[in-house]
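For reference, the structure is listed below as structure tokens.
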Amino acid sequence: MRLDQMYQEIILDHYRNPHHRGLREPFEAEVHHVNPTCGDEVTLRVHLEGAGPEAKVLDVSYDAQGCSISQAATSVLTDLVLNKTVGEAFEKHQAFLELMQGRGQVEPDEDVLEDGIAFAGVAKYPARVKCALLGWMAFKDAVARVES
Amino acid sequence: MRLDQMYQEIILDHYRNPHHRGLREPFEAEVHHVNPTCGDEVTLRVHLEGAGPEAKVLDVSYDAQGCSISQAATSVLTDLVLNKTVGEAFEKHQAFLELMQGRGQVEPDEDVLEDGIAFAGVAKYPARVKCALLGWMAFKDAVARVES
Amino acid sequence: MTSTSLDVAAIRKDFPILHRTIRDGKPLVYLDSGATSQRPVQVMDAERHYLETSNAAVHRSSHQLAEEANDAYEGARAKIAALVGVGIDEVVFTKNATESINLVAYAMSNASVAGPESERFKLGPGDVIVTTELEHHANLVPWQELCRRTGATLKWFGVTDDGRLDLSDIDELITENTKLVAFTHQSNVTGAITPVREIVEKAQSVGALTVLDACQSVPHMPVDFMRLGVDFAAFSGHKMLGPSGVGVLYGRHSLLAAMPPFITGGSMIEIVKMEGSTYAPPPARFEAGVPMTSQVIGLGAAVDYLNALGMENISAHEHALTEAAIAALREIPGVSIVGPVDAVDRGASVAFTIEGIHPHDIGQVLDDQGVEVRVGHHCAWPLHRRLNIPASVRATFYLYNDLDDVTALAKAVVEAKKFFGV
Amino acid sequence: MTSTSLDVAAIRKDFPILHRTIRDGKPLVYLDSGATSQRPVQVMDAERHYLETSNAAVHRSSHQLAEEANDAYEGARAKIAALVGVGIDEVVFTKNATESINLVAYAMSNASVAGPESERFKLGPGDVIVTTELEHHANLVPWQELCRRTGATLKWFGVTDDGRLDLSDIDELITENTKLVAFTHQSNVTGAITPVREIVEKAQSVGALTVLDACQSVPHMPVDFMRLGVDFAAFSGHKMLGPSGVGVLYGRHSLLAAMPPFITGGSMIEIVKMEGSTYAPPPARFEAGVPMTSQVIGLGAAVDYLNALGMENISAHEHALTEAAIAALREIPGVSIVGPVDAVDRGASVAFTIEGIHPHDIGQVLDDQGVEVRVGHHCAWPLHRRLNIPASVRATFYLYNDLDDVTALAKAVVEAKKFFGV
Ligand SMILES: Cc1ncc(COP(=O)(O)O)c(C=O)c1O
Ligand SMILES: Cc1ncc(COP(=O)(O)O)c(C=O)c1O
């Protein structure tokens with residue numbers, strides 16, 4: 001069943017037990033993003049130390065509502081960026097973006113994306129790509145706001 | 001040639017030598033009508049005596065710019081309604097309208113429409129029907145304005 | 001399995017797309033006609049025939065092609081007017097129902113810079129526009145924007161727990177200050193059918209205009225705007241077997257004749273000078289530019305198709321499918337219907353949720369089995385908020401669906417539950 | 001007789017309508033492509049293929065059909081953007097060029113009730129909009145109405161006796177008060193091509209926005225909006241072998257991103273609450289409602305068709321026909337060309353009058369011989385007034401015309417003179 005390619009166990013695990021969920025203090029920026037076609041929403045906060053690409057991501061906290069794909073992707077995101085520099089986090093974001101927009105043609109690098117490679121199957125369903133990117137877009141936006 | 005059905009000699013005669021042309025005094029109402037698709041225009045005045053259907057059409061004077069069909073139809077109109085009652089004039093208008101909207105299927109009554117029967121061929125060209133009706137619509141509008 | 005008053009097997013032969021498969025060879029079960037319907041060969045052939053024989057710019061050129069094009073275009077207008085019981089000159093063509101509604105909203109703001117002849121449509125602070133909480137965004141956002149432009153206030157009818165309009169405060173909402181009441185004929189989510197006459201009578205008693213969103217009614221049941229008494233109504237061709245890119249605005253003739261234009265340009269003018277222009281009578285006044293010509297003609301063919309089946313029969317057929325779908329879904333534990341659970345005054349939109357699975361995920365499993373439904377808020381976000389659900393799954397039925405499709409839906413839902421282990 | 005860089009005989013095989021006859025069996029000589037072009041089978045087939053395989057509501061549903069529909073729709077957007085040298089997100093689909101121009105005009109009036117983010121588009125008394133006396137009504141009346149709504153003043157470039165723009169007073173017209181300059185790339189009557197860069201540079205020097213009416217250029221020659229430097233541009237699908245019911249607005253991305261919406265409703269929103277809504281980024285912000293889906297896809301196929309022939313070749317071909325037509329008509333006594341009599345900076349619209357015969361009557365005789373031209377003011381009434389003619393006859397050439405058509409035109413004109421004895 002092709003469905004199993006999309007709903008890999010890793011994704012369902014993150015969905016059922018999301019990592020780092022909840023809104024925490026302290027934070028420098030909070031953003032609210034929605035997926036207007038389906039109504040999925042995420043409120044996301046970042047807590048950074050320092051400035052520029054060398055700043056460190058001390059916390060990413062969030063409250064979200066949405067499908068398994070958007071929930072799991074946000075959970076994976078927190079695993080990937082916590083305690084990394086902003087520069088490293090953005091590299092991972094770039095890699096995840098390429099994977100998701102690759103229509104299933106891009107081979108993900110497990111060293112970079114860790115659990116994120118489970119989303120390779122989602123990339124074959126263009127309508128769900130937005131779900132997987134919701135949290136990531138919010139993260140990028142939040143960091144940009146801290147910096148501006 | 002089918003064209004000869006449209007451009008009957010009577011029509012071309014009225015076009016070359018329009019009857020009752022020019023703007024005259026006295027008049028009770030003056031209207032300006034246009035055909036917005038082609039830019040044909042007519043300014044038309046009526047001079048009535050009395051009121052209601054029994055009022056008499058003492059003068060119809062006009063200044064017009066347009067194709068042979070619109071010019072000739074206005075000329076024929078003046079022949080048909082001058083010195084008639086408004087009621088009679090409207091009957092002729094009605095007969096002419098039916099002829100023009102008949103798509104060539106209506107047999108015109110020469111007793112009622114006189115030279116107007118020459119327009120039977122025009123009725124086969126829907127795009128030209130508006131040309132033939134321009135002066136008539138202006139006449140009807142002008143009479144209505146006198147009465148209101 | 002055949003169901004009711006329609007010979008669905010014969011009908012399906014007219015719809016080539018229904019014979020394709022989805023994902024790994026699953027037969028297509030198309031349950032998304034509420035978003036857009038499929039098109040029979042008769043409609044596609046009518047457009048093509050026009051294009052291969054008479055295509056020309058209507059209302060502009062006067063050669064033989066243009067004559068034929070005009071006849072085809074205006075002939076379609078007559079058919080469409082007859083379908084909804086209105087005069088030919090009361091039918092304005094737009095690109096979709098969304099534009100139709102915006103047309104009225106913008107004409108009303110334009111009225112405030114027009115002369116006294118447009119008095120009837122002027123709005124300002126203190127004036128009230130009333131809409132409802134179950135509207136499609138197309139019948140809500142334009143009124144929000146109109147209020148923003150004019151300073152008028154937006155108020156709205158609420159919704160009952162089973163997704164019907166709550167008209168209990170009609171006397172507070174529709175008052176002397178109310179200038180316009182905009183509401184849907186049938187919810188595109190809950191399927192609830194509005195008691196139109198009740199609202200119209202109240203609106204008329206205070207002199208308010210009425211705008212009916214008929215997107216989900218005209219394709220599915222006999223509708224007569226004249227008898228309903230509404231002043232304006234909007235619907236889209238693509239939801240009633242017709243082409244995309246064509247919508248309809250019905251407007252009472254006396255109102256259209258007094259209303260300022262919306263989109264301006266060629267073919268809607270009377271006289272144009274650099275210093276200013278005057279406008280043609282309706283419907284031309286509201287059809288600027290070269291129109292969606294072949295699409296209007298295609299919509300005329302769609303009307304022929306619907307008439308040949310009979311709107312009463314279509315409505316009865318959909319009623320039977322709705323009853324069956326609600327019954328089948330309610331048998332599945334964890335499924336909640338979003339909307340009335342009886343089929344009284346209710347159209348063929350069956351929305352639902354499943355405890356423990358997000359609608360997007362349900363839709364994915366259904367798609368994997370060839371069952372094409374819509375998931376999300378279906379452009380009715382405030383309604384979903386009111387019902388405390390982030391989204392829903394929506395199956396919509398049309399004349400080419402039958403009881404087999406209902407069975408396929410129920411089976412796929414059970415499968416979804418199994419897949420997610422709930 | 002073949003003419004130039006195109007194999008017209010082969011091309012004509014793709015256009016079924018060109019093989020019909022007019023009136024009593026006269027072969028069709030279609031010289032009205034300036035009003036609307038004919039459609040090749042490739043375009044009709046592309047639409048039909050989409051409808052028979054993937055038709056769904058784009059940007060809404062997420063099942064497999066909708067996925068395929070989205071890909072087809074957005075794929076067409078990419079092709080169209082590439083044709084005119086702009087970014088994919090800079091292409092907005094409308095129903096026709098008229099709507100495209102109105103979109104900008106209404107967004108500017110909406111800016112006056114929006115927040116400071118729309119400052120760039122606000123207009124009021126003292127502000128000036130500049131247009132020209134040779135515009136199509138579609139690029140004139142919307143600006144008249146915008147001025148009426150906002151209190152701004154409309155000014156315009158005049159026209160020379162041979163139907164070109166008179167830019168001699170550019171420094172008086174485009175000043176610090178000028179907020180927008182709207183002008184055509186090519187006159188749909190005189191065929192005169194505008195020196196776009198000269199106007200754009202002047203407009204940019206005072207910070208005014210530019211809107212280019214590209215209806216008569218994009219179908220006929222290579223056009224690159226980015227290189228021309230205009231801020232907005234409008235054109236219609238039906239004039240470039242594409243379906244009716246689809247138009248394009250190009251907008252510079254930074255401007256579209258800052259501009260308030262025009263038509264509001266589904267698919268253009270970000271968040272909708274009863275109390276108010278926010279809007280999606282462009283191009284979605286400007287595409288409310290279910291779009292003209294199959295028509296956009298058809299337009300994509302039209303772009304493929306044009307590209308396969310090559311816009312340079314099409315332009316060269318039309319240039320040759322224009323030169324031949326002007327030469328042939330000027331040989332006939334009593335005929336006056338409306339527009340430049342040389343073919344320099346001039347497209348394939350050849351308008352003319354005949355001493356002593358009204359254009360409407362000329363058109364009738366031409367039609368009787370199968371020659372389909374347009375008569376009237378061609379939605380450019382102020383231009384005709386300026387040139388002191390009530391109307392004109394207009395022959396327009398496209399890629400499926402050849403020198404035989406020029407000969408047929410000239411012959412029919414001689415016939416018309418004979419018929420009316422002038
Ligand atoms: C120069 C020009 N501008 C604008 C238009 C309007 O285009 P449409 O009617 O497709 O909106 C046309 C054609 O009608 C045109 O030739
Ligand atoms: C109830 C209702 N109103 C309005 C619309 C908008 O129609 P369109 O998108 O065709 O303009 C729809 C469908 O999308 C609808 O279901």
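By convention in this document, chain letters (A, B, ...) are assigned in the order of the sequence lines, proteins followed by strands, and residues within each chain are numbered from 1. Computed over heavy atoms, backbone and side chain alike; hydrogens, waters and symmetry mates excluded.
For D/Arg20, the part sitting under 4.5 Å from any heavy atom of chain C is the side chain, from C-beta outward, and nothing else. C/Pro261 touches chain D through its backbone: at least one of N, CA, C or O sits under 4.5 Å from a heavy atom, while the side chain does not. When heavy atoms are compared at a cutoff of 4.5 Å, D/Glu68 approaches chain C solely by way of its side chain, counted from C-beta outward. Within the 4.5 angstrom heavy-atom criterion, only side-chain atoms of C/Gln144, from C-beta onward, approach chain D. Only the backbone of D/Thr132 has a heavy atom closer than 4.5 Å to any heavy atom of chain C. With a 4.5 angstrom heavy-atom cutoff, C/Ile22 touches chain D via backbone and side-chain atoms both. Of the atoms belonging to C/Val373, it is backbone heavy atoms, and not side-chain ones, that fall under 4.5 Å from chain D. Within the 4.5 angstrom heavy-atom criterion, only backbone atoms of D/Pro291 (N, CA, C, O) approach chain C. Of the two parts of C/Ile101, neither the backbone nor the side chain holds a non-hydrogen atom closer than 4.5 Å to a non-hydrogen atom of chain D. The contact between D/Ile271 and chain C is made by backbone and side chain atoms together, counting heavy-atom distances below 4.5 Å. Contact of D/Leu140 with chain C is made through the side chain alone, with heavy-atom distances under 4.5 Å. Of the two parts of C/Ile263, the backbone and the side chain both hold a non-hydrogen atom closer than 4.5 Å to a non-hydrogen atom of chain D. Both the backbone and the side chain of C/Ser54 come within contact range of chain D, with heavy atoms under 4.5 Å apart. Looking at C/Gln364, neither its backbone nor its side chain comes within 4.5 Å of chain D, counting heavy atoms on both sides. Within the 4.5 angstrom heavy-atom criterion, atoms from both the backbone and the side chain of C/Asn55 approach chain D. In this structure, chain D has heavy atoms under 4.5 Å from both the backbone and the side chain of C/Leu51.
Counting heavy-atom pairs closer than 4.5 Å to chain C, the top-ranked of the candidates D/Lys239, D/His136, D/His378 is D/His136. Residue with the most contacts toward chain C among D/Arg394, D/Met268, D/His238, D/Arg23: D/Arg23 (heavy-atom pairs, distance under 4.5 Å). The candidate from C/Pro142, C/Ser33, C/Ser109 with the greatest count of non-hydrogen atom pairs under 4.5 Å with chain D is C/Pro142. Comparing D/Ala138, D/Gly370, D/Ala105 by how many heavy-atom pairs each has under 4.5 Å with chain C, the most go to D/Ala138. In terms of heavy-atom pairs under 4.5 Å with chain D, the best-connected choice from C/Arg149, C/Glu135, C/Arg386 is C/Arg149. Contact count against chain D (heavy-atom pairs under 4.5 Å) is highest for C/Gly276 among C/Pro243, C/Gly376, C/Gly363, C/Gly276. With chain D as partner, the option from C/Arg385, C/Glu145, C/Gln64 having the largest number of non-hydrogen pairs under 4.5 angstrom is C/Gln64. Most heavy-atom pairs under 4.5 Å with chain D, from the set C/Ser37, C/Ala97, C/Gly266, C/Gly247: that is C/Gly266. Per-residue heavy-atom pair counts under 4.5 Å with chain C were compared for D/Ala56, D/Gly237, D/Pro16, and the maximum is reached by D/Pro16. Interface check for chain D: of the options C/Ile269, C/Leu154, C/Thr131, the most heavy-atom pairs under 4.5 Å are formed by C/Ile269. With chain C as the partner, the residue from D/Arg39, D/Met274, D/His377, D/Lys273 showing the most heavy-atom pairs under 4.5 Å is D/Met274.
The minimum heavy-atom distance linking C/Ala288 with D/Thr98 is given by the pair CB-CG2, 3.8 Å. A pairwise comparison of heavy atoms in D/Val41 and C/Arg48 identifies CG1-NH2, 3.8 Å as the closest pair.
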Check against side-chain contact (heavy atoms from CB on, under 4.5 Å), D/Leu65 and C/Gln38: CA-CA 11 Å; D/Leu65 285 189; C/Gln38 297 301 341; 4.0 Å; yes

Between D/Met44 and C/Glu52, does the side-chain contact (heavy atoms from CB on, under 4.5 Å) criterion hold? Intermediate values first, please. CA-CA 10 Å; D/Met44 296 185 277; C/Glu52 296 194 344; 3.8 Å; yes

Audit row: C/Met292, D/Lys95, side-chain contact (heavy atoms from CB on, under 4.5 Å) steps and yes/no: CA-CA 7 Å; C/Met292 45 300 295; D/Lys95 66 176 174 178; 3.4 Å; yes

Give the intermediate values and the outcome of side-chain contact (heavy atoms from CB on, under 4.5 Å) for residues D/Ser236 and C/Val290. CA-CA 9 Å; D/Ser236 278; C/Val290 170; over 6 Å; no

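With hydrogens and angles ignored, the 3.5 Å screen pairs a side-chain donor or acceptor of D/Asn102 with a backbone N or O of C/Thr264.
A side-chain N or O of C/Asn110 and one of D/Tyr106 form a donor-acceptor pair less than 3.5 Å apart.
Heavy-atom neighbours of C/His49 NE2 from other residues, nucleotides or ligands within 6.0 Å: at or below the threshold of 12.
Atom CD in D/Glu372 sits 9.0 Å away from atom CD in C/Glu67 (nearest 0.5 Å). C/Tyr50 OH to D/Ser244 OG: the interatomic distance, rounded to the nearest 0.5 Å, is 7.0 Å. We find the NE2-OG distance between D/His137 and C/Ser277 to be 7.0 Å, quoted to the nearest 0.5 Å.
Side-chain contact between C/Thr53 and D/Ile17 is absent, with no heavy-atom pair separated by less than 4.5 Å. Residues D/Pro382 and C/Val272 meet the side-chain proximity criterion, which asks for heavy atoms closer than 4.5 Å.
Salt-bridge formation is not detected for the pair D/Glu275/C/Lys155: no Lys NZ or Arg NE/NH1/NH2 atom is positioned less than 4.0 Å from an Asp or Glu carboxylate oxygen.
The aromatic rings of C/Tyr30 and D/His63 stand perpendicular to each other, their planes meeting at an angle above 60°, with 30° marking the opposite boundary.
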